[in-house]
Amino acid sequence: MTDTRDAAKATAEGSRDDGRGSGGNSSSRDGSGDVIGHGTWLDKLAYELVRREESLGRDTGMIIVESGLGASGIPHIGSLGDAARAYGVKLALGNLGYDSKLVAYSDDLDGLRKVPDGLPASLEEHLARPVSLIPDPFSCHDSYGAHMSSILLDGLDRVGIEYEFRRAYDTYRQGLLRDQIHAILCRSAEIGEKIAEMVGQSKYQMSLPYFPVCESCSRLYTAQAVSYDESARAVSYECRDTQMAGRAISGCGHSGCAKIDGGSLGKLAWKVEFAARWAAFDVRFEAYGKDIMDSVRVNDWVAEHVLGYAPPHHAKYEMFLDKGGKKISKSAGNVLTAQRWLEFGSPQSILLLLYKRIAGARELGIREDVPSLMDEFNELEDVYFGRVRKELRGNPAKLAKARGLYLYANLLRPPERPGAHVGYMLAAKLARVYRTDRARRVVEKLLEYGTIPEPSPEVEELVRLAGNYADEFDEEGGSAEIAVDDNMRAALGSIARMLDSGRGTPDDIQTGIYDAAKSCGAQPKDVFAALYQIILGSRRGPRLGPFIADIGEARVSKMITERVS
RNA sequence: GGGUCUAUGGCGCAGCCAGGUAGCGCUCAGGACUCUUAAUCCUGCUGUCGUGGGUUCGAAUCCCUCUAGACCCGCCA
C-alpha cells in the first residue's frame, strides 16, 4: 500500500468536510500509507474505482453508480442495502472530489414468476406478465411493479438516500438500449456459446437472449425469440408453452414480430441486460449479491467484448440471512423490510448496519440487532466527538475508520454536537413499565436518573422506537424463578401489606422495604432482587421507592401477592 | 456439478477486506461497599483465534491446503 498517495488522495485532502473526520489522515505507524478518505471500505472502493477509471482513460466528470431494484416481490432490507451501499460509494467519491450520482433502476419489466406468499392468488393469472403491466393487488399504485418499487423507494427516502429513479419500462419504451440490443442480437450465437462455456447454461445456444412481450397475451418468457432480422431490427417470436419456477405456463400460440427500438415491448435476458444498461447509462459502479454472481460475470464479458464498454467496478456482498441462517425469503411471512426496521431503529442504525462492512454473511434479526446497532451508533458518536475509547488511541487507521463510519451513517452530514445517549434497552425497559402517557413519563424518569439533562425531540423519538420494541418483543420476565424461603415470604407479605395501606412517600416505601426485610430475617439484597424480578423480570432496576410510587402501590402489591401465594 | 461465506473464552459476537499487546456483551463464581441512580468497583473462568503450511521483523488479519457447517447458482430472472 505504498502507492496510495496520488492525485485522488490529493483531491481528497483538498475537499472540505466537517473538519473532524479528516483528523485521522496521518500516517499509520507501520508506515504502510495514509488513510484514504474516511478510512472505510467505501473509501477504499471509491479510490480503486477512480484509479481504474483513470487507467481506462475515461472521463470522470460525472460518475454514475447504479442499483437495481427488484420489483417482483416485497423488497427486503437486502434490496435497500444494494442501493444504500451504492450511495455510500457515491458519497465516498464525492469526498475524494468527484461528482457522482446514484441511479436507482427498477426492473419492472421482469415477469412475475411466482405469486409471493401472502399475496392474493388471483395474481396467478398474471404469471409471466411484466410486473408493470399487472394491476396493483392493493389498488394504490398504477401496477404491481409500481407498488413494490414504491416500498423500496419509500425506504430510501426515509433513510435519506438520494437517487435518480429509472424504470425498465420507460427505458425500453424509449428505445434507450436499442443500439446495445442490436449489437447483442447480431452476435447472439457467439454470446450463447460463451454463456455455455462460462456458466454451463446452454439455453442461449438455442434461443436469443431477448424476451419479447407477446402482443396477444402480454406474457414474457412464453414468447420465444426465434430469429433476429438485422435490417428490420426486429425479432420474430412464437408464444409457446414453457416451464417457469417449476410450473408449466401456457403460451397462447401467437406468432409475432417485435421491434427492439421501443416500438414493441420486450427486454433482454438478465445474462446480457446489465451489460446493455451499463453501456447505455455509462455506469461505473454496481454492487451485486452473490446470488447473481454468474450473471455479472457474463455481463462483464458482454460489456467488454460485445459492446466495447469496460464494465463497472463491482463489489460483491452476501445475502442477509435471518436468525435461523436461512436466506431472507421474499415471501410475505418473514420479510425484513426497511419499514419494519424503522419501527424500532433509527435511519442511522440501518445505515450503520449497511456501512459497517460489506464482506461476510450476517444473520440479521430486529430483536438482536436493533438494540446493539442503536448503541453502537452512540459509541461511534462519542469517538467522533472526541471521547475516544482507549483501545483506538494508538491506532490512527482504526480511529479514522470509526469516525468515518459515523460520518457515513450520517450520510456525511453529521450533527453539530452529540445527542443525549440513552441505552436502548434501558429505554425499552422503562417503556415496558410505562405504557400509558409513555413519552412523558419515560422522559421524566430519564431526567430523574440524570441520564439526560433535558427533554429533547431525539430522546422522545428514541422512547417511541424503544417503546415499539418493548411492545413487540415483550419478554415475560415473570417466569424466572425466585428462591422464596420462609423469611423471604414473610418479608414480601409484609411489604405487600405496607403497600396496601397506600400512604407511603417514595422514601417511606424504600425504607419500608428495607425494614421489612431486616425484621423478617431476610437479606435486603435478596429482597430487592426478588422485587425486581417480580416487577420487571430482571434482577436489577431503578431505585425501588420512587419506582413503586410511580407505577402504583396497589398494583405492585397485587403483583407480589399473585407471585408469592 | 459450479461458487461464496463462516469457524475467536461457558454462551453470543467484534476485530479480518488498510498486518503491530486478543477484545466486547452476557452468564457464572468469589470479593469490596453495613438500603441499589439503570448501583459501582475488583478478581477469576489459564482463549492451540477450526487444521496444516507459506509470506513477513511481526499474522486472528494476507496467500495456499485440508476439515466442518451454512448459503447461493444449476439452463428462472
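Naming convention: chains lettered A, B, ... in sequence-line order (proteins, then strands); numbering from 1 in each chain.
- Nearest heavy atoms, Tyr204(A) versus Ala269(A): OH-CB, 3.2 Å.
- Remark: Tyr288(A) pairs with His314(A) by the ring pair (Phe, Tyr, Trp, His ring centres under 6.0 Å) rule, at least two apart or across chains.
- Residues passing the ring pair (Phe, Tyr, Trp, His ring centres under 6.0 Å) test with Phe377(A), sequence neighbours excluded: Tyr406(A).
- Contacts of Thr40(A) with the nucleic acid, taken as non-hydrogen atoms under 4.0 Å apart, include base atoms.
- As judged by a 4.0 angstrom heavy-atom cut-off over every strand, Trp41(A) is placed among residues making no nucleic acid contact.
- Judged by distance alone with a 3.5 Å cut-off, no donor-acceptor contact links the side chain of Lys290(A) to the base of C73(B).
- For Lys271(A) and G74(B), the shortest distance from a side-chain N or O to OP1 or OP2 is not below 4.0 Å.
- Counting only heavy atoms from C-beta on, Lys401(A) has its side chain closest to C16(B) among C76(B), G15(B), C16(B).
- Lys316(A) comes within 4.0 angstrom of sugar-phosphate atoms only, judged by non-hydrogen atoms across all strands, and of no base.
- Set against C5(B), C72(B), C35(B), the side chain of Glu318(A) has C5(B) as its closest nucleotide.
- Taking the side-chain hydrogen bond (donor to acceptor under 3.5 Å, both in side chains) definition, one finds that Asp108(A) meets it with Arg167(A), sequence neighbours left out.
- A stem is defined here as three or more consecutive Watson-Crick or G-U pairs, each with both distances under 3.5 Å; for RNA chain B these stems are B:1-7 with B:67-73, B:10-13 with B:23-26, B:28-32 with B:40-44, B:52-54 with B:62-64.
- Every residue two or more places apart in sequence or in another chain that forms a side-chain hydrogen bond (donor to acceptor under 3.5 Å, both in side chains) with Lys290(A) is listed here: Glu318(A).
- When the ring pair (Phe, Tyr, Trp, His ring centres under 6.0 Å) test is applied to Tyr221(A), the partners found at least two apart in sequence or on another chain are Phe211(A).
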